[in-house]
Amino acid sequence: QVHMVESGGGSVQAGESLRLSCQVSGYTYDRYFMGWFRKAPGKERDKVAAIDDSGRIDYADSVKGRFTISKDNAGALYLQMNNLKLEDSAMYYCAIHPAVQAAWVAFYSATFEEEFTFWGQGTQVTVSS
């Protein structure tokens, strides 16, 4: 059974940084797409950043140049968030999916809610002025 746990969220002021982590266990598929997503109150869950097993990386336009996604050899996923803005406040979730091509299609078409099965429980990020 796949289990994902996010951590690293918190309350910071605008301009500060946070580093989110996502620990994955029980994942036995050969391939992977891993992504960060976020959901603000009253809004749909939205993409933030993603990485796959080939090293392909992409970001939502709103975070390009400020956020960096990475993965270590032990399977943990990270999101370095710099120069945080008020609009970055949200619950942040990590997800993993074995069908890489389908995952990228879902990432760009915002159909990840339907496509992805494995999600973490989320970690809250609150940015204040």
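The first residue in the sequence is number 1, and the count goes up from there.
- Remark: the backbone N or O of Arg19 is not paired with any side-chain donor or acceptor of Gln80 at under 3.5 angstrom.
- Note that the OG1 atom of Thr28 and the CD atom of Gln1 stand 11.5 Å from one another [nearest 0.5 Å].
- Using a 30° and 60° split on the angle between ring planes, Tyr27 and Phe118 fall in the perpendicular class, above 60°.
- Applying the side-chain contact (heavy atoms from CB on, under 4.5 Å) test between Leu77 and each of Ile51, Ile96, Asp72, Val24 identifies Ile51 as the sole match.
- For the salt bridge (charged side-chain N to carboxylate O under 4.0 Å, His left out) test with Glu113, the passing option among Lys39, Lys47, Arg45 is Arg45; the others fail.
- Shown here for His97 and Thr117, the closest heavy-atom pair between the two residues is ND1-N, 4.5 Å.
- Counting heavy atoms from C-beta on, the side chains of Tyr92 and Glu6 never come closer than 4.5 Å.
- Taking each heavy atom of Phe67 and Arg38 in turn, the nearest pair found is CE2-NH1, 4.0 Å.
- Rounding to the nearest 0.5 angstrom, the gap separating the OG atom in Ser109 from the CH2 atom in Trp104 is 12.5 Å.
- The only option from Leu18, Leu79, Leu20, Val5 that meets the side-chain contact (heavy atoms from CB on, under 4.5 Å) definition with Thr123 turns out to be Leu20.
- Taking all atoms of both residues into account, the shortest heavy-atom contact from Phe33 to Ala50 is CZ-CB, 3.3 Å.
- Minimum interatomic distance between Gln23 and Ala76 (heavy atoms only, all atoms of both residues): NE2-CB, 3.6 Å.
- Put simply, the side chain of Tyr59 never gets that close to the backbone of Arg66: no donor and acceptor are under 3.5 Å apart.
- At least one donor-acceptor pair closer than 3.5 Å links the side chain of Trp36 to the backbone N or O of Tyr78.
- In this structure, Phe107 and Phe37 have perpendicular ring planes: the angle between them is above 60°, well past the 30° mark.
- Shortest non-hydrogen contact noted between Ala95 and Phe116 is CB-CD1, 3.9 Å.
- Contact record, Asp88 with Val127: CB-CG2, 4.4 Å, taken as the closest heavy-atom pair.
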